[in-house]
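The structure appears right after this line, and notes come after that.
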Amino acid sequence: MILENLLDKNKEEFIKKVHELYSNYLEEGKLGKLKELRKVTNIEYDAKIIQEYYLNYLKKDNIRKIKDLQEITGVKLNIPKKCVRDCYKDKIQKNNLWDLNLLHQLTNVKLKIPRKDIQKTYEVFINKKDFNDIESLYELTKIKPKIAREIVQNWYAEMLKKNYFEIKDLQKITGIKPQKNLVQEAYEKGIETILSKTNVDSIMNSISNVFGKFDDLYKSTGIKPNVPNDKIQECYYKIMIGAMRIKDSIKELENITGVKVSQEIIQKRCKDYLMKAPWYLKEFEEKMGSKVSETNVQKAYLEHAKSGNFFFIQNIEKATGIKPSKEVNEIIRTERFLKVLTKLD
């Protein structure tokens with residue numbers, strides 16, 4: 001019995017000493033050591049003491065410490081709502097959204113911040129052109145900022161130069177839609193970007209980038225592009241330069257603009273193949289679901305015959321199944337005869 005009492009007394013003293021160390025670590029903010037000691041001793045924290053330090057850290061404006069302490073101890077926060085809301089007000093006045101959001105997540109205490117304070121914070125973010133903080137404040141409070149239409153339209157103009165996906169968020173936050181002329185300018189600039197490219201890789205990269213932005217822009221605004229038909233047809237012509245995804249890209253542009261690719265443009269690209277790479281013509285025709293016209297074939301025969309490019313003539317006939325006209329055959333015979341004469345000389 002004496003031995004048991006001694007052991008119990010020693011145990012009580014040990015637990016008391018551990019709790020003293022817990023308090024010291026809490027006071028010093030050494031939460032890593034607090035966690036290590038708990039792991040070594042397996043002695044539970046005093047929930048009442050932990051609550052006191054939650055409040056203590058709140059008063060010291062150390063919200064991160066509260067989060068760390070809760071993660072280490074698992075003790076649920078029970079800070080008085082008035083203290084939390086006073087801290088909310090302080091954070092909004094200091095424009096400290098990070099701490100405000102974190103405290104709200106930790107306590108789940110409803111935000112009750114005077115609208116005038118929220119609008120003052122919005123004004124700070126507006127002057128800094130800090131759209132991310134404006135968005136965060138709106139998500140927290142669900143109170144729309146009072147922003148002049150001119151400022152919002154200027155923001156849209158800036159966004160349309162880079163990140164279209166933010167447009168939808170700005171509409172939701174402000175209730176103001178972008179002006180149609182700004183959206184149309186963005187569509188036209190996108191088309192011009194594609195038309196400015198010259199080699200296959202840069203054309204295809206720009207198509208992928210621009211079409212992705214067009215999709216974001218349409219989903220955000222509901223405004224379809226109203227680009228001149230000739231510009232859209234030029235864009236189709238660029239798309240048909242030899243892309244692996246010709247059909248998909250053409251379909252995308254058709255869906256975006258509502259303008260179909262013209263036969264004139266298809267035939268123009270067919271002529272390019274006839275003059276430069278007739279061996280790829282058949283593949284192009286299959287992708288487009290359209291055949292090269294016999295008129296274009298005969299014109300290509302004629303140009304190649306006059307230039308002495310008989311190799312191209314053979315490949316065109318192989319690709320199209322269309323035979324050269326009598327005029328072309330006559331030129332071919334003449335050109336070959338002249339070549340023979342030149343060799344004899």
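As the structure is a computational prediction, the values presented were derived from the model and not from experiment. Just so it is clear, the values below take in all heavy atoms, side chains as well, and ignore hydrogens, waters and symmetry mates.
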What do you reckon, is CD of Gln93 surrounded by more than 12 foreign heavy atoms closer than 6.0 Å?
yes
Does one hydrophobic cluster hold both Met275 and Ile313, with members joined at side-chain heavy-atom distances below 4.5 Å?
no
So which heavy atom on Ile143 is nearest to which on Gln119, and how close?
CG2-NE2, 3.9 Å
From Glu294 CD over to Ile322 CD1, what is the distance, rounded to the nearest 0.5 angstrom?
5.0 Å
Side-chain heavy atoms nearer than 4.5 Å, only ILVMFWY residues, links allowed to pass through others: does that put Ile79 and Leu31 together?
yes
May I ask you to decide whether Glu139 forms a salt bridge with Lys172, counting only side-chain N to carboxylate O separations under 4.0 Å?
yes
Any donor-acceptor N or O pair under 3.5 Å, side chains Gln184, Asn226
no
Can the ring centroids of Tyr273 and Phe284 be said to lie less than 6.0 angstrom from one another?
yes
Given the rule that I, L, V, M, F, W and Y join up when any side-chain heavy atoms are under 4.5 Å apart, are Tyr53 and Ile72 in one cluster?
yes
Are any side-chain N or O atoms of Ser206 and backbone N or O atoms of Thr193, one a donor and one an acceptor, separated by less than 3.5 Å?
no
Minimum heavy-atom separation for His104 to Val109, with atom names?
CD2-O, 3.2 Å
Applying side-chain contact (heavy atoms from CB on, under 4.5 Å), name anything that partners Lys67, two or more places apart in sequence or on another chain.
Arg64, Glu71, Leu102, Leu106
Output all residues satisfying side-chain contact (heavy atoms from CB on, under 4.5 Å) with Lys33, sequence neighbours left out; order by chain, then residue number.
Tyr25, Lys30
Are the side chain of Tyr138 and the backbone of Leu170 linked by a donor-acceptor contact shorter than 3.5 Å?
no
Check: Ser220/Gln171 side-chain N/O donor and acceptor closer than 3.5 Å:
no
The criterion is salt bridge (charged side-chain N to carboxylate O under 4.0 Å, His left out); which residues satisfy it with Glu303, sequence neighbours excluded?
Lys271
Is any NZ, NE, NH1 or NH2 atom of the basic residue among Glu283 and Lys287 found under 4.0 Å from an Asp or Glu carboxylate oxygen of the other?
yes
Got a sec: does the NZ of Lys282 have more than 12 other heavy atoms crowding it under 6.0 Å?
no
Partners passing ring pair (Phe, Tyr, Trp, His ring centres under 6.0 Å) against Tyr236 (at least two apart in sequence or in another chain)
none
Indicate yes or no for a side-chain donor-acceptor contact from Ser307 to the backbone of Asn309 under 3.5 Å, with no hydrogens or angles considered.
no
Using the salt bridge (charged side-chain N to carboxylate O under 4.0 Å, His left out) criterion, which residues pair with Lys168? Sequence neighbours excluded.
none
Which pairs pass salt bridge (charged side-chain N to carboxylate O under 4.0 Å, His left out) with one or both residues in residues 114-136, sequence neighbours excluded?
Lys129-Glu158
Can you sort out the partners of Ser208 under side-chain contact (heavy atoms from CB on, under 4.5 Å), two or more places apart, ordered by chain and number?
none
Ring pair (Phe, Tyr, Trp, His ring centres under 6.0 Å) with Tyr45: which residues, sequence neighbours excluded?
Tyr22
Counterpart residues, salt bridge (charged side-chain N to carboxylate O under 4.0 Å, His left out), relative to Asp272 (two or more places apart):
Arg269
Examine Lys224 relative to Tyr218 and say whether NZ or CZ is less than 6.0 Å from the centre of the six-membered ring and inside a 45° cone about the ring axis.
yes
Greater than 12 external heavy atoms within 6.0 Å of Glu150's CD:
no
For Tyr187, check ring pair (Phe, Tyr, Trp, His ring centres under 6.0 Å) against everything at least two apart and list the hits.
Phe214
If I compare all heavy atoms of Leu160 with all of Leu182, which pair ends up nearest, and what's the gap?
CD1-O, 3.5 Å
With sequence neighbours excluded, what pairs up with Glu192 under the salt bridge (charged side-chain N to carboxylate O under 4.0 Å, His left out) test?
Lys231
I'd like to know if Val40 and Leu26 are part of one continuous hydrophobic network [Ile/Leu/Val/Met/Phe/Trp/Tyr, side-chain heavy atoms within less than 4.5 Å].
no
The criterion is side-chain contact (heavy atoms from CB on, under 4.5 Å); which residues satisfy it with Asn42, sequence neighbours excluded?
Arg38
